[in-house]
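Take a look at the structure set out below.
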Amino acid sequence: MASDLELKAKEAFVEDHFELAVELLTQAIDLDPKISTLFADRAQANIKLNNFTEAVADANKAIELDPSLSKAYMRKGIACMKLEEYQTAKTALETGASLAEDKSRFVNLIKECEKLIAEESYTIPTQEKSTAQDAIPQDVQLQDLAEKPIVAVAKPKYRHEFYQKPEEVVVTIFAKGVSKESITVEFGEQILSVKIDVPGEDSYVLQNRLFGKIVPSSCRYEVLSTKIEIRLAKAESIHWKSLEFTTETTVAPRAIVSSVTGTQRPTYPSSKPKRVDWDKLEAQVKKEEKDENLDGDAALNKFFREIYQDADEDTRRAMKKSFVESNGTVLSTNWKEVGTKKVEGSPPDGMELKKWEY
């Protein structure tokens with residue numbers, strides 16, 4: 001049943017088996033695709049696997065099924081932040097905060113979004129024009145200036161960046177509000193060509209010889225409201241040191257692995273000068289998850305597991321025996337007390353004890 005798969009998925013998540021959690025939740029969704037919490041939980045597991053686009057899709061589905069599910073907005077906010085869609089992330093987090101009883105988790109992330117939005121919109125002030133006397137030192141002749149003209153480097157119209165997986169490279173061009181008809185994307189054996197023609201504006205062209213070869217027939221792109229997401233299928237599972245081809249004779253490309261061990265974390269090269277400390281953010285989220293208030297079977301299972309994992313053998317035997325024989329209504333840690341007799345059930349006041357039905 002979907003509930004059994006959901007419980008197993010939560011146990012896998014607690015043990016950091018995120019791929020297994022995604023697989024189990026997918027099976028549960030196939031059995032009952034109308035449960036919003038399944039999509040919200042799969043979104044969180046996808047975040048742990050750095051599948052941020054998939055996490056946003058799952059969070060959106062959870063919100064569609066249950067617009068009052070605050071944790072779905074939390075998942076969407078975190079995934080959008082990692083995709084650097086800070087305004088979208090802020091909107092989702094603000095909505096989630098209005099629905100959540102504990103708003104502190106949302107408030108901290110909203111502040112982080114506002115900070116990043118401010119940094120992203122910051123522009124360097126244009127320097128005032130200098131007078132001819134100030135601009136030309138006395139020991140420099142006019143003919144020298146004529147021989148060495150000053151070239152102004154234009155800032156790209158749209159910012160772009162990329163990150164990679166073992167099998168593909170994902171290029172994101174942050175072009176907000178551009179229609180699909182204005183965009184042309186072409187793939188070559190080692191070429192990516194992107195052209196954006198917006199009426200009344202100068203054309204934007206991104207044409208790179210890529211670091212490695214790709215499979216054009218397997219490449220694809222998607223035009224979203226705030227960006228263009230391009231997925232390049234690698235011809236070889238090697239690590240790209242950059243998006244563009246380079247002639248540098250450095251260490252040979254190494255095979256990229258899907259799992260990250262130790263303290264090593266994946267990096268996502270970008271044209272932005274400052275990056276977010278995702279390790280710090282993830283540690284904060286993990287702590288909040290640990291402190292998250294659960295209810296029902298999930299809370300009971302977590303409580304049982306926390307006591308059980310640090311207990312001695314007699315305590316564990318007592319816990320198992322008392323819990324099973326009492327039909328889940330008694331949990332004793334005293335083996336001397338429960339080891340020689342059957343533990344009778346003790347339901348709460350006003351409730352009737354019934355045996356488990358399988």
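Scope of the values below: all heavy atoms of this structure, side chains included, with no hydrogens, waters or symmetry mates. The chain is numbered in sequence order, starting from 1.
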- request: State which residues pass side-chain contact (heavy atoms from CB on, under 4.5 Å) with Val198; sequence neighbours excluded, sorted by chain then number.
  value: Tyr158, Val178, Ile196, Glu201
- prompt: Got a sec, which residues hit side-chain contact (heavy atoms from CB on, under 4.5 Å) with Asp30, two or more places apart in sequence or on another chain?
  reply: Thr26
- prompt: Under 4.0 Å between a Lys/Arg side-chain N and an Asp/Glu carboxylate O for Glu168 and Lys234?
  reply: no
query: Between Glu64 and Lys61, is there a salt bridge with N-O shorter than 4.0 Å?
result: yes
query: Roughly how far apart are Lys180 NZ and Glu222 CD, rounded to 0.5 Å?
result: 8.5 Å
field: From NE2 (His160) to CZ (Phe174), nearest 0.5 Å
entry: 10.5 Å
Taking the side chain as everything from C-beta on, heavy atoms only, tell me whether [X] gets closer than 4.5 Å to [Y].
X	Y	answer
Val185	Ser193	no
Glu313	Trp335	no
Thr53	Glu229	yes

query: Hey, is the main chain of Thr315 close enough, under 3.5 Å, to the side chain of Asp312 for a donor-acceptor pair?
result: yes
task: Mark yes or no for whether Lys8, through its side chain, and Leu25, through its backbone, hold a donor-acceptor pair below 3.5 Å.
output: no
task: Give every residue pair that meets the salt bridge (charged side-chain N to carboxylate O under 4.0 Å, His left out) criterion with at least one member in residues 203-219, sequence neighbours excluded.
output: Glu189-Lys213
- prompt: Yes or no on salt bridge (charged side-chain N to carboxylate O under 4.0 Å, His left out) for Glu84 and Arg159, after CA distance, side-chain angles and deciding distance?
  reply: CA-CA 12 Å; Glu84 298 190 355; Arg159 179 172 60 86; 3.3 Å; yes
Lys103 atom NZ, neighbour heavy-atom count above 12 within 6.0 Å: yes
